[in-house]
Amino acid sequence: MSVRVQEDDFDLGAEVARLTAGKHQIGAIVTFTGTVRDTGGLKSMTLEHYPGMTETALEKIEAEALRRWPLAASLVIHRFGTLLPGDNIVGVVTASPHRRAAFEAAEFLMDYLKTEAPFWKREERPDGAGWVEHNQADTIAREKWAER
Amino acid sequence: MSVRVQEDDFDLGAEVARLTAGKHQIGAIVTFTGTVRDTGGLKSMTLEHYPGMTETALEKIEAEALRRWPLAASLVIHRFGTLLPGDNIVGVVTASPHRRAAFEAAEFLMDYLKTEAPFWKREERPDGAGWVEHNQADTIAREKWAER
Amino acid sequence: MIISRPELPNWWKKDETLTIKLKYFAWVRERIGRGEESLTPPDDVTTIAELIAWLKTQGAEYEAAFAEADTIRAAIDMTHVEPSANIGANAEVAFFPPVTGG
Amino acid sequence: MIISRPELPNWWKKDETLTIKLKYFAWVRERIGRGEESLTPPDDVTTIAELIAWLKTQGAEYEAAFAEADTIRAAIDMTHVEPSANIGANAEVAFFPPVTGG
């Protein structure tokens, strides 16, 4: 039940160990790690964010996940600053008695984060830098969670 | 792209680091960990399996996941023997350029494993031991992956 | 800018010309040339859409930043809002492209 | 047991009375009292369903193990099969409850 916005790297294995220690009712833990993908000639990627709003947005997204699924633990970590290909960008952990809830909540957190959390990616390439355009597939992915 | 059936514990954080080292095209990594859930008074759980068929079944399930999704890496580890509440039972790792593929493949692996891999759980409680009955929800979960 | 506060008498409202704290991110920030500033729009600017329309008259940098108004998102006090949203008293207004984190 | 091999002449088939390697798991194993054994069923036993029917005549332990035949799963040579599946030559046949791993 926490969110972190940080420049430093993270270790989801250690986070899972910490989150689940002594909790014997859990049963299912899902992690998602998003990394800087080198789509060809990427030198680095810089993540800008909106301090204050970022934390608020992530907390709202996490609260919504907790409202929808029976989670025993959850964690969202998002990095900002300059990252290299292969570096971790975002980490999500969900733990629940039921695997389906853990899977769905983790995917929900990522889909919402991709459309709600105020982060912007700038790609630095040998021939210059440019802002990554919003992927329409992310908006579509988010829409599947709309409550009817 | 490997399966392991073992008595020893595993460390998915270390497995992820090993699987993704130097692979900068990945982008999305999902892990699933299934643990022994104490549903009230559980002393221990013993997992029996069918040596030989277990590996074959897990390899088939993994091959099917690789056929369906563009995975850059995958791993299935399943333990057998006597485990305590909170202990790891099963670990799955999927890595892909796309998060939806990684999520779907991990959930697919778990749903198939739950209905295809020859493991049987025996719960040891203070008042005796009993075999865990197959959960009909697992059969239903598997059916959602049927190709039409 | 006049903030509509029904509970206050009319003589009070007239004095409440407010300064808005503005924040810009990503290419909106780059085009405007700064990350934040404080501005005092005229009294008839009460919504995000009206604020954008007014900003576009304030210089080439704003014109460039808001040229593709459809692709710009806004937040008031750190919450995503539609262009029709009213800007409250002492609001922090942010403009940015669609988000691309995760 | 006769294995149907169309490519072989009839005089050959008659000699091929085979021993099946059987494996039992979980409560099937517990009820039968052993994890594996080799048995030679009569020639007319060619499918899993026929093998179960014959085993049930071989003693109280088999009767108990196969009492709820619907809840028993079978594998031939480590592949899940239906009760109608033919048991091939030198097959390893396994009986077990629905799996509960993961």
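Order of the sequence lines fixes the chain letters, A, B, ..., with proteins taken first and strands second; residue numbering starts at 1 for each chain. The basis for the numbers below is simple: all heavy atoms, side chains too, and nothing from hydrogens, waters or symmetry mates.
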I need the residue from [options] with the largest number of non-hydrogen atom pairs under 4.5 Å to chain A.
{"options": "B:Lys23, B:Glu15, B:Gln25, B:Arg99", "result": "B:Arg99"}
{"options": "B:Ala137, B:Ala28, B:Gly13", "result": "B:Ala28"}
{"options": "B:Ile29, B:Val16, B:Leu12", "result": "B:Ile29"}

- Message: Counting only non-hydrogen atoms closer than 4.5 Å, does A:Val30 touch chain B with its backbone (N, CA, C, O), its side chain (CB onward), both, or neither?
- Response: both
- Query: Side chain, backbone, both or neither: which part of A:Ala141 has an atom under 4.5 Å from a heavy atom of chain B?
  - Reply: side chain
- Options A:Thr94, A:Asp11, A:Thr39, A:Thr33, ranked by heavy-atom pairs under 4.5 Å with chain B, top entry: A:Thr33
- Query: Hey, mind stepping through B:His98 and A:Arg37 against side chain to side chain contact (heavy atoms under 4.5 Å, CB included) and telling me if it holds?
  - Reply: CA-CA 10 Å; B:His98 306 290; A:Arg37 186 151 64 100; 3.9 Å; yes
- Within residues 73-93 of chain A, which positions have a heavy-atom distance to chain B below 4.5 Å? A:Pro85, A:Gly86
- Task: For chain B, find its close neighbours in residues 40-49 of chain A: heavy-atom separation under 4.5 Å, sorted by number, or none.
- Result: none
- Message: Heavy-atom count check: over 12 atoms from other residues, nucleotides or ligands less than 6.0 Å from A:Glu133 CD?
- Response: no
- Task: Heavy atoms only: give me the nearest B:Thr35-A:Ile26 pair and the separation to one decimal.
- Result: OG1-C, 4.3 Å
